[in-house]
Amino acid sequence: MSLVSMGPLLRDASKKQYAVGAFNMVNLEFLGAVIAAAENLQTPVIVNIAEVHFSFIDVELCAHAVRFAAARSSVPVALNLDHGLSFETAARALALGFTSIMFDGSGLPLEDNIRISAEIGRMCHASGAALEAELGSVGAEGDGGLESEADPRLFTDPELAEDFVRRTCCDALAVAIGNSHGKYKGEPRLDFDRLATLRKAAGIPLVLHGGSGISADDFRRAIGLGISKINYFTGMSQAALELVHKPADNKIEQYNDYPQLILETGRAVRSVVEQQMRVFLNGVKPL
Ligand code: 13P
Ligand code: ZN
């Protein structure tokens with residue numbers, strides 16, 4: 001089927017109490033792994049392409065590849081710009097057929113975040129795409145595999161949430177509740193009370209970034225409290241890197257040519273993605 005908008009996917013997830021995984025692609029192996037895992041488990045899926053990766057990949061080529069993979073797939077697939085940083089990037093992504101934009105205005109003064117999110121939201125809705133906006137700040141964006149910890153001063157303020165959602169017209173809200181990007185320093189401690197209050201205030205599906213390193217129990221609890229989309233990347237990246245970094249533990253000595261490594265990468269990433277998807281489905285059969 002052709003690419004679908006993220007809005008209906010998240011509304012269904014919110015109603016049935018599961019979460020749609022949003023997994024970043026950085027090459028065709030990652031894309032193939034994500035789609036194969038979603039088909040195997042029969043779950044809708046969101047493919048993320050992050051602006052921070054634009055300098056490493058050919059975004060036009062990737063967008064076309066995702067469109068083709070979606071058309072060939074038996075499950076609904078949305079294509080989301082992950083952590084878009086400007087109106088211009090959002091416009092470029094929509095022109096390439098992205099069906100969802102995450103605008104990350106978390107580094108901006110609140111009023112600027114609201115104004116630009118609202119402008120991008122109008123553009124998204126005019127082309128049938130969805131907008132995810134961020135209030136508060138999930139730390140360590142762009143730091144890749146570096147360790148990070150959440151800063152409570154940057155947690156999403158529930159008192160601002162209703163106004164933020166109303167004024168930006170966003171379809172989903174990324175929240176900062178103790179989650180952070182990359183590897184967690186110590187155990188992640190999510191603020192579930194804040195999440196429960198945010199859900200009531202926002203009234204729309206909530207998004208949890210920084211999925212790598214969060215336990216299955218915490219994911220299930222977060223889903224029960226309104227998380228409908230979970231972003232996950234570092235765990236996939238680590239799985240691929242391990243194949244290169246720990247040759248003694250795997251078959252790398254046996255790789256006599258690069259395509260074998262491609263194959264192993266796809267397998268390793270798919271296994272991580274499937275493991276997470278099982279948790280995100282929360283016992284629900286959405287399709
Ligand atoms: P992790 O890399 O920490 O899993 O976070 C992914 C993410 O939030 C992408 O937007
Ligand atoms: Zn993120």
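Counting starts at 1 for both ligands and their atoms, following the listed order. Bear in mind that the values here come from a model prediction, so they are computed numbers and not experimental data.
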Numbered atoms and elements of ligand 1 in range of [X], under 4.0 angstrom, heavy atoms:
X	result
His209	8 (O), 10 (O)
His83	10 (O)
Asn24	9 (C)
Gly182	3 (O)
Thr234	1 (P), 2 (O), 3 (O), 4 (O)

Would you call Glu111 and Arg115 a salt bridge, taking side-chain N to carboxylate O under 4.0 Å as the test? no
Can Arg221 and Asp218 be counted as an ion pair, charged N to O under 4.0 angstrom? no
Can you tell me which N/O/S atom of His209 has the shortest distance to the Zn ion (ligand 2)? ND1
Pairs of nitrogen or oxygen atoms closer than 3.5 Å, one from [X] and one from ligand 1: do any exist?
X	value
Gly235	no
Asn231	yes
Asp82	yes

Does the separation of the ring centres of Phe30 and His53 fall below 6.0 angstrom? no
For Phe219, all residues meeting ring-ring contact (aromatic ring centres under 6.0 Å, His included), sequence neighbours excluded: Phe280
So, for Val45 and Leu9, which heavy atoms are closest and what is the spacing to 0.1 Å? O-CD1, 4.2 Å
Can Arg194 be said to sit on top of Phe155's aromatic six-ring, NZ or CZ under 6.0 Å from centre and within 45° of the ring axis? no
Where the Zn ion (ligand 2) is the corner point, what angle links NE2 of His181 with NE2 of His83, to 10°? 100°
With sequence neighbours excluded, tell me which residues meet side chain to side chain donor-acceptor pair (under 3.5 Å) with Arg270. Glu274
